[in-house]
Amino acid sequence: MDLPELLRLFFSGMWGTLELFFVALIGSFVLGTILAGMRVSPTPVLRIAASTYINVVRNTPLTLVMFFCAFGLPFLDIRFGASSSFNSFIYASIALTAYTACFVAETLKSGIATIPVGQAEAARAVGLTFGQTLGEVILPQAFRTVIPPLGSVIIAMLKNTSIASAFNNRELISAMRNAIELRGDLVIPILFGTALGYLLLALILGRVFDYLERKLVILR
Amino acid sequence: MVDVEKHYGDFHALKHVNLDVQHGEVVVVIGPSGSGKSTLCRTINRLETITSGTITIDGKELPAEGAELAALRSDVGMVFQSFNLFSHKTILENVTLGPIKVRKLSRAQAEEQAMTLLERVGVAHQADKYPAQLSGGQQQRVAIARALAMKPKVMLFDEPTSALDPEMINEVLDVMVELAKDGMTMVVVTHEMGFARKAANRVVFMSDGEIVEVDEPEEFFTNPKSDRAKDFLSKILTH
């Protein structure tokens, strides 16, 4: 296998990582926001449900969460398509989303705690319902205040996509293993190349979050 | 308000409060710090719950938390001591949020109405700025416009000038006096005795969670009946 082929292998792996990353990014933001909303809701059942979920999933190793999804869901006959690789991709996305959402929710909750109580009072005084107060006033401000820690959560998730390689997924680590099998003589450059791939993605993410932080800062 | 009681743990914040505010009436609530004035004001739109008693607005009792309460609050404008403008929204968005989300106005309608109101309180030229870029007095006038945008039946003012620099107090009071002249029903908690004299129909004096005295402003300031009111007035009017 020559260099261009090796590179192609890497790029397809990188692409797989990115696909998993973006699906889990959107999923964990949606689920995390819902969980954070539930945690501050006036309804005790919702609060308890959300905190139970967070306490259980957050304290389970991601590898185990992946096992639950990759082996548990097929055992329950939950499938998403005919091809096994697509199924594996969805299982990994679900695991990553379910896991990362806990951290997104906890980060958001700490952001909600920093919003002056007068903001919610003013929103309620105007006649907004609880949901509208949360969606229009509280969460937009909470998101803005937690952009830096949220960045760390998301970078951690990017690196966590690597665990999916053990569950029949095509991504950067599986591409790397593939490459080492084919070109054992190049093992050191391949390892460095893989590290560089993650580094590059993580640095870009860091820049994006820095930009968002500057762009969305709230004056008080 | 009939027989309203409020406890914070052991602390008895409102004791047997009875108050009736007529349509178009301006009631000013004064009294020393910690006398329950603000609490009283906040119970009227249930930002503060009460332990017992009843509060009715337009014949309807305050509903429990939920959509019905939200609907009621939309008819009760509130202006806070610390303005509480939505800090991530522009001045215009602050004033249009309620009308769009609660009154279901179109954005264009809401903006037109908001600009008229901002014009009226004298901050229309700041419409695209964020709250933190405005002075306290301007922010408070925006807060009044935000409340007015809901076309409320009654306006509550919870110490609207207490967080303002002295030179900004008048610009806010002027707006409030105008409102009073236009026949808005108002409950105003304040330390501004000048406003009470100028705009109030009635002055309610509170002390230790009780309504001690209710009278017309002129009568109250020149000839207070209770010792506690005499004591309070002697302390503030000597300066």
Side-chain angles (χ1 to χ4, degrees), chain A residues 29 33 36-48 107-150 209 211-220, chain B residues 38 41-42 44-48 64-90 93-104 129-134 139 142-143 145-152 154-158 163:
Chain A
F29 265 68
T33 307
M38 286 166 72
R39 288 213 67 174
V40 296
S41 111
T43 317
V45 182
L46 294 180
R47 278 205 304 274
I48 293 167
T107 309
L108 263 180
K109 196 186 132 225
S110 69
I112 291 172
T114 69
I115 310 301
V117 61
Q119 294 285 312
E121 284 187 348
R124 286 152 68 205
V126 169
L128 299 187
T129 60
F130 172 78
Q132 289 173 325
T133 301
L134 204 60
E136 294 290 332
V137 176
I138 304 301
L139 285 175
Q141 294 190 45
F143 261 113
R144 285 162 161 87
T145 40
V146 297
I147 288 170
L150 215 46
F209 274 91
Y211 171 78
L212 288 177
E213 190 188 350
R214 264 181 288 119
K215 182 88 183 169
L216 295 176
V217 68
I218 312 173
L219 300 165
R220 284 206 193 279
Chain B
S38 281
C41 186
R42 290 162 57 86
I44 300 175
N45 66 353
R46 212 171 181 275
L47 282 181
E48 235 30 281
E65 205 72 40
E68 224 183 315
L69 180 63
L72 178 130
R73 281 179 177 144
S74 68
D75 288 334
V76 179
M78 177 132 191
V79 176
F80 299 86
Q81 179 176 351
S82 48
F83 329 135
N84 294 345
L85 293 179
F86 307 129
S87 26
H88 64 302
K89 292 191 180 287
T90 64
E93 288 166 347
N94 263 276
V95 183
T96 56
L97 180 66
I100 291 174
K101 292 290 164 187
V102 181
R103 297 280 187 249
K104 310 292 180 199
K129 290 192 178 169
Y130 285 88
Q133 296 169 296
L134 269 59
Q139 286 191 54
V142 173
R146 175 176 68 181
L148 288 175
M150 301 302 291
K151 302 204 165 58
V154 51
M155 289 273 284
L156 308 174
F157 292 83
D158 185 6

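Order of the sequence lines sets the chain letters (A, B, ...), proteins ahead of strands, with each chain counted from 1.
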B:Ser87, part contacting chain A, at a heavy-atom distance under 4.5 Å: both
With B:Tyr130, which residues qualify under ring pair (Phe, Tyr, Trp, His ring centres under 6.0 Å), at least two apart? none
Interface check, chain B: of A:Gly131, A:Ala123, A:Pro116, most non-hydrogen pairs under 4.5 Å belong to A:Ala123
Measure B:Gln81 against the heavy atoms of chain A and call it side chain, backbone, both or neither at under 4.5 Å. neither
Kindly give the heavy-atom pair with the smallest separation between A:Gly127 and B:Val102, and that separation in Å. O-CG2, 3.5 Å
Mind checking the CG-CD spacing from B:Leu85 to A:Gln119? Nearest 0.5 Å is all I need. 8.0 Å
For A:Ala125 versus B:Phe80, what's the shortest heavy-atom pair and its separation? CB-CZ, 4.0 Å
Give the member of B:Leu97, B:Val79, B:Leu72, B:Asp75 that has the highest number of heavy-atom pairs under 4.5 Å with chain A. B:Leu97
side-chain contact (heavy atoms from CB on, under 4.5 Å), paired with A:Val126, selected from B:Arg73, B:Arg146, B:Met78: B:Arg146
Just verifying a value: how many Å separate B:Phe86 CZ and A:Ile138 CD1, rounded to the nearest 0.5 Å? 8.5 Å
Does atom CD of B:Gln133 have more than 12 heavy-atom neighbours from other groups under 6.0 Å away? yes
Sort B:Arg103 into side chain, backbone, both or neither according to what part of it lies under 4.5 angstrom from a heavy atom of chain A. neither
Keeping B:His88 on the side-chain end and A:Glu136 on the backbone end, is there a donor-acceptor pair under 3.5 Å? yes
Out of B:Ala132, B:Ala70, B:Ala143, return the one with the most heavy atom pairs under 4.5 angstrom to chain A. B:Ala70
Do any N or O atoms from the side chain of B:Asn84 and from the backbone of A:Gly118 form a donor-acceptor pair under 3.5 angstrom? yes
Is there a donor-acceptor contact under 3.5 Å from the side chain of A:Glu121 to the main chain of B:Leu47? no
Nearest heavy-atom approach of B:Lys101 to A:Gln132 is O-NE2, 3.3 Å
